[in-house]
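All chains are named by letter (A, B, ...) in the order of the sequence lines, taking the proteins before the strands, and each is independently numbered beginning at 1.
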Amino acid sequence: MTLTKRIIPCLDVKNGRVVKGLNFESIKDAGDPVELAAKYSAEGADELVFLDITASNEQRATIKELVRKVASVINIPFTVGGGVKSIDDARNILLNGADKVGINTSAIKNPPIITELMTLFGRQCIVVAIDAKRNYEIKENVNIFSENEKKFWFEVFIFGGKQGTGIDAISWAKKAEKLGAGEILLTSIDADGTKNGYDILLTKSIVDNASIPVIASGGCGKPDDMVEIFEKSNVDAALAASIFHYETHGVKGVKSFLKEKKIPVRL
Amino acid sequence: MVSVAIFDYGAGNIFSLKNSLEQAGASVDVITSFDKPNVYSGLLLPGVGNFDPAMKSINENSKTKFQDFVKTDTPVLGICLGMEMFFEKSEEGIEKGFNVIDGEIVVLPSTMKVPHMGWNNLEIKKPGTILEGVDEGSWVYFVHSYRAKPKSDDVITAESDYGVRVPAVVEKNNFFGTQFHPEKSGDVGKIMIQNFLNVCKK
């Protein structure tokens with residue numbers, strides 16, 4: 001046996017509470033992040049990801065308190081991302097107990113930050129989050145794909161998926177790795193929120209071009225979606241949010257299902 | 001209450017380790033030099049940072065040598081990088097290690113994804129202090145790019161398979177090392193932390 005596939009619940013945190021967006025519109029309170037972290041950890045989650053979506057000046061203080069509390073109740077690794085703009089922001093997260101820091105927009109705007117963080121804290125701490133979306137306006141120097149006879153490329157988006165960058169996602173993944181990223185958290189904007197399954201083409205394309213671990217994110221609506229992404233790509237981990245909120249699945253239920261389907265998981 | 005110290009190289013997060021030791025009932029001091037008297041029942045070398053900066057932080061901040069601080073009676077648990085420092089040298093840097101175990105640290109083969117990151121299982125080679133009560137095949141959390149290559153396999157009590165044989169637990173005299181992170185390895189990690197603290201009590 002070599003490595004297991006990692007199952008990672010994701011918690012979106014706003015002003016210190018876990019929130020759940022419904023079709024990107026209304027946002028619903030889904031509980032206390034520390035309680036949920038302890039619950040998921042006890043149920044057998046392999047890792048946790050917290051995305052802080054608080055957009056305020058109090059963010060740093062909120063994160064610090066959250067990270068310390070979470071670190072004291074779980075004994076599995078966890079990543080904190082969202083709004084990390086500087087080395088100090090990353091330090092604030094790592095020195096308070098998180099194992100990894102996720103960077104997205106700031107890595108695009110200032111790529112050397114990846115190398116600086118890697119040198120200070122080690123490669124394993126640095127998760128570069130890439131949000132990608134199909135762009136059907138073909139241009140030069142991009143990796144072109146086609147589906148249903150339509151050609152497109154994968155464009156990197158920043159600011160929570162709001163702003164296109166014109167950057168090719170596959171080239172960016174390779175560059176991020178070269179600069180010192182330890183892992184890629186890959187979210188498909190096309191798949192996100194659909195609950196129709198992970199974006200297999202995007203995931204496979206990134207995994208096949210990177211030699212660091214990749215986490216697939218966006219589109220998971222049922223345990224079968226995880227089976228599919230693990231069978232059809234060599235991705236290392238699957239991240240999901242909503243499916244774990246339902247008692248019928250839960251982390252343990254999802255992992256038992258994966259094991260039945262011959263996916264190597266830690267149980 | 002058993003009193004232990006964590007050596008802080010100043011590179012990263014030692015909160016989880018401190019927390020897991022405290023949860024297991026230890027009192028924990030964080031130290032940044034070996035110059036004060038060793039009043040501890042055990043010492044931990046945590047697993048964060050890079051080889052050269054960590055060795056430098058020890059050599060530059062302490063007049064007292066590591067070996068003179070721990071002698072042959074203070075149990076030491078080295079985690080990941082902390083374990084790698086037990087050896088003579090590492091391909092990660094040019095600084096010398098503590099050289100309390102013969103052998104060196106080499107980079108993982110590029111045929112596999114590096115870092116080796118995630119849950120892998122233990123193949124127990126022989127009984128050992130850290131592994132007491134730990135089942136064959138237990139899952140533990142690894143995150144590393146280098147592995148130990150001891151001169152003698154006698155020091156290896158457990159291995160993991162990652163394309164190559166990765167020594168997962170090593171033991172020699174009062175030196176105990178894990179390539180994985182027990183403080184991040186769920187319930188089985190707790191057992192190992194407790195096993196180490198039990199040695200410290202003796």
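Proximity to chain A is absent for every atom of B:Glu22, based on heavy atoms less than 4.5 angstrom apart. Using a 4.5 Å cut-off between heavy atoms, A:Thr119 contacts chain B through its backbone alone, with no side-chain atom that close. Neither the backbone nor the side chain of B:Lys18 comes within contact range of chain A; no heavy atom of the residue lies under 4.5 Å from a heavy atom of that chain. Interface residue A:Arg68: backbone and side-chain heavy atoms are both found under 4.5 Å from chain B. A:Arg6 touches chain B through its side chain: at least one heavy atom from C-beta onward sits under 4.5 Å away, while N, CA, C and O do not. Both the backbone and the side chain of A:Ser72 come within contact range of chain B, judged by heavy atoms closer than 4.5 Å. For chain B, no part of A:Val67 is nearby; none of its heavy atoms comes within less than 4.5 Å.
Annotation: maximal heavy-atom pairing with chain B below 4.5 Å, among A:Pro77, A:Ala98, A:Gly122, occurs at A:Pro77. Of the residues considered (B:Asn19, B:Asp187, B:Leu81, B:Val114), B:Asn19 shows the highest number of contacts with chain A, using heavy-atom pairs under 4.5 Å. Each of A:Arg123, A:Arg91, A:Lys100 has some count of heavy-atom pairs under 4.5 Å with chain B, and the biggest count is that of A:Lys100.
One distance of note links OG1 of A:Thr4 with OH of B:Tyr141; it measures 10.0 Å at 0.5 Å rounding. In this structure, B:Lys184 NZ and A:Asn75 CG are separated by 8.0 Å, a value rounded to the nearest 0.5 Å. To the nearest 0.5 Å, atom CG of residue A:Asn96 and atom OG of residue B:Ser16 are 11.0 Å apart. Separation of atoms CG (A:Leu3) and CH2 (B:Trp139) is listed at 9.0 Å; rounding is to 0.5 Å.
For the ring pair (Phe, Tyr, Trp, His ring centres under 6.0 Å) test, residues two or more places apart in sequence or in another chain that qualify with B:Phe142 are B:His116, B:His144, B:Phe180. Partners of B:Glu183 by salt bridge (charged side-chain N to carboxylate O under 4.0 Å, His left out), not counting sequence neighbours: none found.
Within 6.0 Å of NZ on A:Lys69 lie no more than 12 heavy atoms contributed by other residues, nucleotides or ligands. Atom NZ of B:Lys149 sits in a sparse spot, with 12 or fewer heavy atoms from other residues, nucleotides or ligands closer than 6.0 Å. More than 12 non-hydrogen atoms from other residues, nucleotides or ligands lie less than 6.0 angstrom from NZ of B:Lys125. Environment of CD in B:Gln67: crowded, with over 12 heavy atoms of neighbouring residues, nucleotides or ligands closer than 6.0 Å.
When all heavy atoms are compared, the tightest approach of B:Asn50 to A:Met118 is ND2-O, 4.2 Å. For B:Met117 against A:Pro213, the heavy-atom pair with the smallest separation is CB-CG, 4.1 Å. When all heavy atoms are compared, the tightest approach of B:Trp119 to A:Asp46 is NE1-O, 2.9 Å.
Chain B is approached within less than 4.5 Å, heavy atom to heavy atom, by A:Gly182, A:Glu183 from residues 175-185 of chain A, ordered by number. Residues of residues 228-240 of chain A lying within less than 4.5 angstrom of chain B, judged on heavy atoms, are A:Asn234, A:Asp236 in numerical order.
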